[in-house]
Amino acid sequence: MFASFVHTVYTLAFATILLLVVGGALLAVTARNLIHCFFGLVGALLGVAGLYYNLGSPLLAVMQVMIYIGAVCVAIAFGLTLTRKQGEEGMRPLDIKAAIPVVLVVAMLSATLKSLAGREIVASARKIDESRIGWMLLGDYLLPFELISILLTVAVIGAVTIALINRRI
Amino acid sequence: MNGYRYLAGIVTGSVSLLKGMRVTFANMVSRPHTVQWPRQTAPLPARFRGHIRMLADEETGFPRCFACGSCARICPSACITVQGRKPGDRKKKVAVRFLLDFTKCSLCGLCVESCPARALAFSRDYALAGYRDTEFRTMDLLEGLASPFQF
Amino acid sequence: MSISPVTIVCYLLGISAVVGLNAVILVWLERKVAGHMHFRYGPMEVGPHGLLQTLADGIKLLGKQFLVPDAADRPLFLLAPVVSLVPIFVAMVPLPLGETLQAWELNIGLLLVVALGLLNTLGILLAGWGSNNKYALLGGSRAVAQILAYKIPLLLCILTIIMMAGSYSLRQIALAQKDGWYILYQPLLFIIYIVTITLETNRSPFDFSEAESELVAGFHIEYSAMGFSLFFLAEYSYMFIAAALASILFLGGWQGPFLPGPVWSLLKLYGIIFLLMWFRWTFPRLRIDQMLHLGWKILLPLALVNFLVTAGVLAL
Amino acid sequence: MGTGSTLPPIVHFVRLEKLLNQARANSLWPLTFGLACCAIEMMSAAGPRFDLDRFGAGVFRATPRQADVMIVAGTVTARMAPTVVRLYNQMPAPKWVIAMGNCAISGGPFKLDFNYNVIEGVSRLLPVDVVVPGCPPRPEALIEAFLKLEQQLTGSRRFPEAPEIPLEDAS
């Protein structure tokens with residue numbers, strides 16, 4: 001009786017997370033108001049953090065919150081508050097161009113499902129040590145890690161250049 | 001040189017912040033200046049001006065005012081209404097009505113200065129407040145004084 | 001995953017009690033500190049020395065009308081106070097206030113608290129946009145500019161401490177300071193950390209998002225009654241969390257001689273909160289460009305240099 | 001209960017309302033709003049010597065959404081009148097108005113036949129709960145107004161009546 005109650009609670013929690021992910025993502029692509037899109041995105045990312053937690057990796061979940069919501073979304077919000085309300089009429093959610101990502105996503109999903117078909121999916125029960133991630137990043141995957149940092153530096157320099165175009169210092 | 005200035009700026013800035021914090025901390029541990037009115041009272045200045053009041057004659061206890069009306073004439077806001085009558089046995093008039101519209105008064109004191117009988121003075125009512133303005137629109141200054149017209 | 005729902009409900013009740021009591025005490029304390037720093041008494045007449053003042057304020061706010069402006073974005077407007085309050089309930093879970101007084105020992109506790117602490121800005125932005133008021137929007141966008149300035153020094157501070165203690169667990173970090181508090185090794189880092197938590201909790205001299213003299217009341221300008229009190233509750237709870245983190249990271253948490261653990265941690269915690277109040281009633285508000293200058297050109301290089309030096313010393 | 005609420009409740013809970021009124025009386029947050037010279041005395045009342053915060057009334061809120069009491073401190077000109085009314089309308093429901101100073105009560109020294117731009121008393125615009133006459137009233141008078149408001153709300157006076165200060169006490 002008690003165990004089944006706990007089970008129900010966990011199921012409900014999982015359903016909430018799914019709802020957050022799917023609903024947030026839908027809101028992010030369909031809402032007319034830019035800030036509604038933004039908060040849809042935040043909700044979807046929070047839901048993904050919940051999924052990570054459910055899969056047994058709290059570290060990844062916390063990092064998802066810290067990086068994607070605490071950093072990426074805040075950067076987006078910073079851009080949003082500096083943009084002018086302009087050309088809102090031109091943005092229709094059901095444009096013909098919107099079909100392109102839909103086709104891509106459907107193709108990717110079907111490919112993934114096809115490759116997974118027939119296999120048994122087991123969530124990894126093995127606990128990943130945080131320090132191992134660090135060793136991996138600075139050992140085996142050092143080159144990709146450094147490449148990403150170069151990419152970020154290039155992005156920062158590009159942003160500064162774009163910002164300086166109209167400044168004429 | 002620039003680096004030196006940068007570091008020196010940080011240090012001097014922090015020191016000045018600490019000085020400010022010392023001042024507020026000294027304030028905090030010192031005795032408050034508050035006078036806890038209405039449990040305690042702060043001294044009122046000697047020349048404090050409350051609304052005007054009517055002085056009584058020492059002998060008779062009647063109001064000193066003989067209703068000449070010079071206060072009402074000189075008042076720039078026209079807040080004073082005076083009426084007087086002669087009692088049967090006396091030559092001078094005595095005020096029977098002396099109304100002050102305190103809501104218009106700006107305490108300039110011209111009425112006090114111009115009164116030939118020195119009948120007016122400033123009161124020391126410093127904490128007036130009420131629920132309706134009518135209490136202060138017609139303040140009867142003769143209240144509490146004896147009158148020769150009580151028949 | 002073996003926590004029973006009863007325990008979770010007990011934790012939630014306990015955390016709610018902490019949040020409520022802490023706000024009641026802190027609001028009273030803030031008004032008393034403000035009063036005495038102005039040579040005043042502060043609240044005196046409601047209860048002995050005004051102890052019941054916050055209670056009266058709370059009950060009054062409960063009984064007031066909650067206004068939603070016509071032009072406001074209704075769902076966002078109603079969601080904002082909740083968004084800024086809810087992360088607190090999760091962030092308080094891994095805080096150890098004593099040897100055994102901890103809701104849940106989590107091996108990534110520090111990261112969780114920091115990540116959720118950053119969500120406060122989201123609530124402010126939501127309120128700023130949802131109110132549909134120019135001052136509120138300005139307050140929200142200022143909060144976002146502010147988070148960009150203080151986040152990196154804050155994370156560098158925390159990284160340095162993680163490096164010294166070798167763990168993300170708040171409990172392990174506190175235990176690592178058995179022989180010497182980290183404030184003795186890292187006084188500069190402690191100062192940087194205090195400045196960044198002043199920025200994080202949106203308190204004067206960095207209260208840009210609610211600057212009364214510029215933005216009337218900033219992001220909560222349109223919130224009356226309970227909406228406002230939820231923001232208030234959130235602000236004081238974030239202060240509690242930030243101060244608790246500071247006491248755990250730098251002052252050894254609950255450890256100390258003679259007194260029992262929880263008393264020590266509360267003493268340290270309220271000491272740091274008093275420091276924040278002291279800042280608030282001493283310093284005037286900075287200009288926003290001065291804040292950015294402070295964040296990017298002073299705090300960030302200092303924290304970075306400190307981080308590198310610590311790393312070098314630890315490696316030797 | 002006077003002008004406190006715009007809509008009286010349909011069902012009355014006596015004890016709850018007593019509690020609410022006690023709480024309201026002890027936490028009357030004024031609006032940061034001064035019109036003329038009386039505002040100086042209002043600031044003085046909040047300052048160290050008189051300290052309105054002792055009664056829980058020292059939290060001057062800048063936004064009308066969080067204020068309970070509007071202190072109309074000064075001359076209400078015709079130009080300012082719409083703003084005063086608007087600020088009053090923006091305050092949430094249990095709200096009170098203190099008319100401080102003679103200009104706010106009746107137009108004061110500006111109440112003249114040829115003066116076209118002064119509203120002769122803020123009671124022509126808003127329901128006034130307490131009036132504080134004086135030009136300007138002393139800070140004690142403003143505190144007395146708050147005590148009067150508390151008396152009106154709770155039905156009893158918790159504080160001593162305003163004590164007399166004789167001339168000998170003058171400094």
Side-chain angles (χ1 to χ4, degrees), chain C residues 27-28 30-47 49-69 72 77 131 133 135-136 139 210-229 231-232, chain D residues 1 4-7 9 13 16-29 31-33 43-69 87 89-96 143 146-147 150 153-154 157-160:
Chain C
V27 173
W28 175 79
E30 174 120 277
R31 287 171 75 170
K32 285 307 249 192
V33 166
H36 281 272
M37 283 187 175
H38 297 161
F39 295 118
R40 298 187 283 126
Y41 283 107
M44 282 297 276
E45 303 289 354
V46 192
H49 281 261
L51 267 172
L52 301 177
Q53 182 62 56
T54 324
L55 209 64
D57 289 343
I59 295 172
K60 177 206 77 176
L61 285 170
L62 269 175
K64 261 187 105 75
Q65 184 185 15
F66 182 71
L67 289 170
V68 182
F77 186 82
S131 302
N133 178 310
Y135 298 117
E210 54 175 291
E212 288 208 335
S213 47
E214 303 160 26
L215 302 184
V216 189
F219 65 93
H220 59 63
I221 186 168
E222 293 287 1
Y223 284 88
S224 59
M226 276 327 277
F228 168 65
S229 43
F231 273 122
F232 226 60
Chain D
M1 45 172 248
S5 70
T6 44
L7 276 178
F13 299 95
L16 180 71
E17 273 179 22
K18 270 190 181 164
L19 180 73
L20 274 176
N21 280 337
Q22 277 290 348
R24 282 167 184 158
N26 284 307
S27 122
L28 291 163
W29 294 357
L31 184 64
T32 315
F33 178 61
M43 294 170 213
S44 172
R49 181 74 153 182
F50 299 101
D51 195 9
L52 259 179
D53 206 16
R54 285 183 292 130
F55 309 95
V59 188
F60 278 83
R61 299 308 306 180
T63 154
R65 302 278 187 218
Q66 292 152 15
D68 304 304
V69 183
L87 282 171
N89 287 340
Q90 282 178 336
M91 283 160 61
K95 51 187 169 183
W96 298 273
I143 296 179
F146 273 97
L147 301 187
E150 178 171 347
L153 273 168
T154 60
R157 191 179 169 97
R158 212 152 63 83
F159 296 93

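Treat the numbers as computed from the prediction; the structure is a model and nothing was measured. The chains referred to below are lettered A, B, ... by the order of the sequence lines, with proteins before strands, and numbering in each begins at 1.
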Asker: Side chain, backbone, both or neither: which part of C:L61 has an atom under 4.5 Å from a heavy atom of chain D?
Answerer: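 For C:L61, the side chain is the part near chain D, not the backbone.
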Asker: Nearest 0.5 Å, please: how far is NZ in C:K32 from CG in D:D53?
Answerer: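 Between D:D53 CG and C:K32 NZ, I get 8.5 Å after rounding to 0.5 Å.
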Asker: So what's closer than 4.5 Å to chain C heavy atoms on D:R158: side chain, backbone, both or neither?
Answerer: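 For D:R158, side-chain heavy atoms alone lie under 4.5 Å from chain C.
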Asker: Please assess C:F228 against D:R61 for the test side chain to side chain contact (heavy atoms under 4.5 Å, CB included), listing each intermediate value before the final yes or no.
Answerer: CA-CA 12 Å; C:F228 168 65; D:R61 299 308 306 180; 3.8 Å; yes
Asker: To check you understand the geometry: which heavy-atom pair defines the closest contact between C:Y223 and D:R65, and what is its length?
Answerer: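 Taking C:Y223 first and D:R65 second, the nearest heavy atoms are O-CB, 3.9 Å.
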Asker: Okay, side chain of D:D51, backbone of C:G42: is any donor-acceptor separation there less than 3.5 Å?
Answerer: yes
Asker: What are the two closest heavy atoms between D:T63 and C:I221, and how far apart are they?
Answerer: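 Nearest heavy atoms, D:T63 then C:I221: OG1-O, 2.8 Å.
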Asker: Kindly say whether C:G63 contributes a backbone atom to a donor-acceptor pair with the side chain of D:R24 at under 3.5 angstrom?
Answerer: yes
Asker: Relative to chain D, which segment of C:I59 carries a heavy atom at a distance below 4.5 Å: side chain, backbone, both, or neither?
Answerer: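 C:I59 touches chain D through backbone and side-chain heavy atoms alike.
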Asker: Between C:G227, C:S213, C:S224, which shows the greatest number of heavy-atom pairs under 4.5 Å with chain D?
Answerer: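 Heavy-atom pair counts peak at C:S224.
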Asker: How long is the gap from CD on D:Q22 to NZ on C:K60, to the nearest 0.5 Å?
Answerer: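 NZ of C:K60 is found 14.5 Å from CD of D:Q22.
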Asker: Taking the side chain from C:Q65 and the backbone from D:P94, do they hold a donor-acceptor pair closer than 3.5 Å?
Answerer: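 Judged by distance alone, no pair lies under 3.5 Å.
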Asker: Is chain C contacted by the side chain of D:A25, its backbone, both, or neither, given a heavy-atom distance below 4.5 Å?
Answerer: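 Contact with chain C is absent: no heavy atom of D:A25 under 4.5 Å.
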Asker: For the CZ atom on D:F33, are there more than 12 heavy atoms of other groups (residues, nucleotides or ligands in this structure) within a distance under 6.0 Å?
Answerer: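 Count over threshold, so yes.
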Asker: Identify which part of D:F50 has an atom lying under 4.5 Å from any heavy atom of chain C, answering side chain, backbone, both or neither.
Answerer: neither
Asker: Tell me which of these, D:G58, D:A62, D:P64, has more heavy-atom pairs under 4.5 Å with chain C than the rest.
Answerer: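 Heavy-atom pairs under 4.5 Å are most numerous for D:A62.
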Asker: Compare every heavy atom of C:R40 with every heavy atom of D:A46, then report the nearest pair and how far apart it is.
Answerer: O-CD, 3.7 Å
Asker: For D:Q90, is it the side chain, the backbone, both, or neither that has a heavy atom closer than 4.5 Å to a heavy atom of chain C?
Answerer: backbone
Asker: Do side-chain atoms of C:Q53 reach the backbone of D:S27 as a donor and acceptor pair under 3.5 angstrom?
Answerer: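 Flag not set: sc C:Q53 to bb D:S27 has no pair under 3.5 Å.
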Asker: What part of C:H220 gets closer than 4.5 Å to chain D, counting heavy atoms only: side chain, backbone, both or neither?
Answerer: both
